[in-house]
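One structure below.
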Amino acid sequence: MSNDETPDETPDKTPQVPSDEELSRMSRDELARLGMKLDGVELVEYPDPWPVKGTRAEKRAERAVALWFTIAGLASLASVVVFIFWPARYVAPGEDGYFLYSLYTPALGVTLGVAILAVGIGVLNYTRKFIPHEIAVQDRHDGGSKELDKKTIVAQFADFGHSSTIARRSMIKRSLAFGGGALGLALTVVPLGAFLRNPHAQSANADGLLHTGWQHVSDEKVFLRRDTGDPSEVVLVKPEDMDAGAMETVFPFRESERNDEKALSHALTRSDNPVMLIRLRPEDAAKVIKHVGQEDFNFGDYYAYTKVCSHLGCPTSLYEQRSNRILCPCHQSQFDALQYARPVFGPATRRLAQLPITVDEETGYFISPHDFIEPVGPAYWERRS
Amino acid sequence: MTKKRRARTKLQRRLAGLLALAIALLGIGTLYSFLVPEPQTAQAQEDPAVVRQGEQIFNNTCITCHGAHLEGVEGRGPSLVGVGEAAVYFQTSTGRMPAMMQGAQAEEKPPVLSPEEVDAVAAYVQANGGGVTLPEQRGKELRGDNPARGGELFRLNCASCHNFTGRGGALSSGKRAPALDQVTEDQMYAAMLSGPQSMPRFSERQLSPSEKKDIIAYVKSVTDGNNNPGGDSLGGLGPQSEGLIGFIVGMAALIGITLWIGARQ
């Protein structure tokens, strides 16, 4: 589009176009200046940052830039090494190797961050020290393009579309759409598909979506246990422990785990384990409406609901003992503890799963006769709402 | 030689000064513990005169909403049968009761009743309604010696409403969990026992007295500005306020750097 850059009101600035003979005699520097002149750009200042070549200062500057790029390279390599070899598998707080695991993300971030920063500083340094700090002046016309230019450019595009005859060659059009679409699909599916795993590979056990740590694995009783801040201290819950209008978070305990510190601490940190054990006040307990199929899940005034919100899985642990509402702090969902923890406010649409509880006749402690009858937590693929 | 001797004397002088200060402090501490009277403990339950005084105060200030026999008045106030002296102590000593008006919840304000009147009403309600009593110990005795365990227990049982450093938070329908600054050890203990307003109750079997004391020790260690390393704590609310300031400062820094990069020499 050289014609709209040629300002017709200043014909004196139009440079002389050299002949072929002159061209062949021009140096690279002169050619570059001529090219800019033809585009209407005048170089006012074009200083060489190192007029004297090979000084020590110049070499020092060169080494500094090289050093930054080397740092960037080393840090990038380090991040690759961290990504491959650092222990990235989840370790719960308090377990062996937690400290190293907790440094995984920071280590990745620091190495990659240093790499990007070093590249940036290197490029910046190079630009400031070696690229000439030119000052160029270019004349520009006022307002938009001329009507002539607008009309002709639109016509050129239209002509291109017409002369390619793509509009009437529907077979090519369709096959191109098929080829391009399928390629796009492949480019999306292959990387994203790598993230997909069979969500039901573990459905039969507690690690799947259907069950929790409250699932019975043998005939062993599953007791309700409170957290005293010390994972190895086992304190079970009795009905007389709680006053009316009390709430306590409980976790599953099996007698076989009593001396297994890892299992004890694991039971307290599993995300689907926390259960709110609520003792209603007697006058409120008289107003309870139970859900069909959960009529015998409570023990007297004691009701146990999962602490995992049915909306997005936050801990719904704000229990108001006067209004008997259970609040989720993340999105302000509210559940009515007197009505099978059904949602009464907020984005949650499904009730909190209720854990069946009863009292063990031998020991007098609370036990859970079986796991939740529905998955806890937010919805997924086959589970609506 | 003289230089060395002078240095030694300087050290000696300093040590002597420190020693004198320590002795003086120790002496004042001992004198203080002798001169200050024993803290008052509520033993009003047994004293019929105090119960009668409590009845009078009750009839003057509480009867409209809580009824002549602590049975409560429909639409005004709940029954006080079974709440115990712990509940009365918490509600009146924090100024929540007598309430100014009906609302989402009774707000704390400077207490209307004097400490003696609080004890009297508590004795009256305890004598006639029964319920949870306050522990024998008072004040600093209620601070445990393991605030670390207290912190664990606080985060397990209390932090969901009161925030993990006791800044408080919102509840449903205009209610809120209060911040725990300026709350005394007695009031915290009474609140855990009695479960005022929306708060669940924590019996002595659910949270043992030593666990409660550790929780109090933890709360005391993070409230009243004790958790602030300096400067404006921005409310200590966590990511919201700090994130906003971080965003503003960070953006300003980024724009500054961009300008610097783009600037010509």
Side-chain angles (χ1 to χ4, degrees), chain A residues 45 47 49 94 120-121 123-124 127-129 133-135 226-231 233 235 237-249 251 268 274 276-279 281-283 307 314-329 332-336 344-346, chain B residues 72 78-79 81-84 86-87 104-105 131-132 146-163 169-177 192-208 210-211 214-215 218 257-258 260-265:
Chain A
E45 202 181 315
I121 293 176
V123 169
L124 202 66
T127 319
R128 289 181 81 87
K129 295 219 172 108
H133 301 285
E134 62 178 38
I135 294 175
R226 68 167 56 106
D227 186 352
T228 60
D230 176 9
E233 184 185 7
V235 184
V237 187
K238 275 201 193 94
E240 60 262 37
D241 282 356
M242 291 162 71
D243 282 341
M247 191 276 271
E248 173 151 44
T249 309
F251 304 86
L268 296 181
M276 292 176 290
L277 180 63
I278 294 170
R279 183 176 185 179
R281 293 176 303 140
E283 59 267 35
K307 206 173 186 174
C314 282
T316 61
S317 49
L318 283 69
Y319 171 61
E320 298 179 0
Q321 61 113 348
R322 282 278 156 193
S323 58
N324 290 298
R325 284 192 181 187
I326 302 162
L327 269 66
C328 182
Q332 282 70 48
S333 290
Q334 295 174 19
F335 305 89
D336 189 350
V344 289
F345 181 87
Chain B
S79 162
V81 175
V83 300
Q105 67 184 41
V132 277
N146 192 349
R149 182 175 75 144
E152 286 278 334
L153 292 165
F154 186 87
R155 288 187 286 277
L156 276 166
N157 294 294
C158 326
S160 47
C161 299
H162 287 290
N163 169 304
L171 295 175
S172 75
S173 313
K175 298 192 285 289
R176 65 188 173 82
M192 284 189 262
L193 276 180
S194 64
Q197 308 197 13
S198 294
M199 181 167 158
R201 296 168 67 179
F202 296 91
S203 77
E204 300 282 44
R205 295 170 306 281
Q206 184 178 344
L207 280 177
S208 72
S210 86
E211 288 175 329
D214 283 346
I215 289 177
Y218 170 75
I257 291 173
T258 338
W260 173 71
I261 290 174
R264 284 177 176 275
Q265 281 171 332

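The figures here come from the full heavy-atom set of this structure, side chains too, leaving out hydrogens, waters and symmetry mates. First the proteins, then the strands, lettered A, B, ... as listed; each starts at 1.
Of the two parts of A/Glu248, the backbone and the side chain both hold a non-hydrogen atom closer than 4.5 Å to a non-hydrogen atom of chain B. With a 4.5 angstrom heavy-atom cutoff, A/Leu327 touches chain B only via side-chain atoms. Residue contact with chain A, scored on non-hydrogen atoms closer than 4.5 Å, involves the side chain of B/Glu152 exclusively. Using a 4.5 Å cut-off between heavy atoms, B/Ala148 does not touch chain A at all. Both the backbone and the side chain of A/Ser317 come within contact range of chain B, each with at least one heavy atom under 4.5 Å from a heavy atom of that chain. At a 4.5 Å heavy-atom cutoff, the contact between B/Leu171 and chain A is made by backbone and side-chain atoms alike. Only the side chain of B/Glu211 comes within less than 4.5 Å of a heavy atom in chain A; its backbone stays farther off.
Atom-to-atom distance recorded for B/Arg205:CZ and A/Lys238:NZ is 10.0 Å, nearest 0.5 angstrom. Atom OG of B/Ser198 and atom CZ of A/Arg322 lie 9.0 Å apart (nearest 0.5 Å). In this structure, CZ on A/Arg226 lies 7.5 Å from CG on B/Leu207, to the nearest 0.5 angstrom. Rounding to the nearest 0.5 Å gives a distance of 9.0 Å between CD of A/Glu320 and CD of B/Gln105.
Partners of A/Glu233 according to the side-chain hydrogen bond (donor to acceptor under 3.5 Å, both in side chains) rule, which considers only residues two or more places apart in sequence or in another chain, are A/Thr228.
The shortest non-hydrogen separation linking B/Gln206 to A/Ala246 is OE1-CB, 3.6 Å. Across all non-hydrogen atoms, the minimal contact from A/Met247 to B/Phe202 is O-CE2, 3.9 Å. Contact detail for A/Asp243 and B/Arg201: the closest heavy-atom pair is OD2-NH2, 3.6 Å. Nearest heavy atom pair, residue B/Ser172 against residue A/Arg325, reads OG-CD, 4.1 Å.
Your options are A/Asp227, A/Asp230, A/Thr316, and the one with the most heavy-atom pairs under 4.5 Å with chain B is A/Asp227. Among the candidates B/Leu156, B/Leu153, B/Val132, the residue making the largest number of heavy-atom pairs closer than 4.5 Å to chain A is B/Leu156. Of all the listed residues (B/Gln197, B/Arg149, B/Glu204), the one sharing the greatest number of non-hydrogen pairs under 4.5 Å with chain A is B/Gln197.
No donor-acceptor pair under 3.5 Å is formed between the side chain of B/Ser160 and the backbone N or O of A/Leu318.
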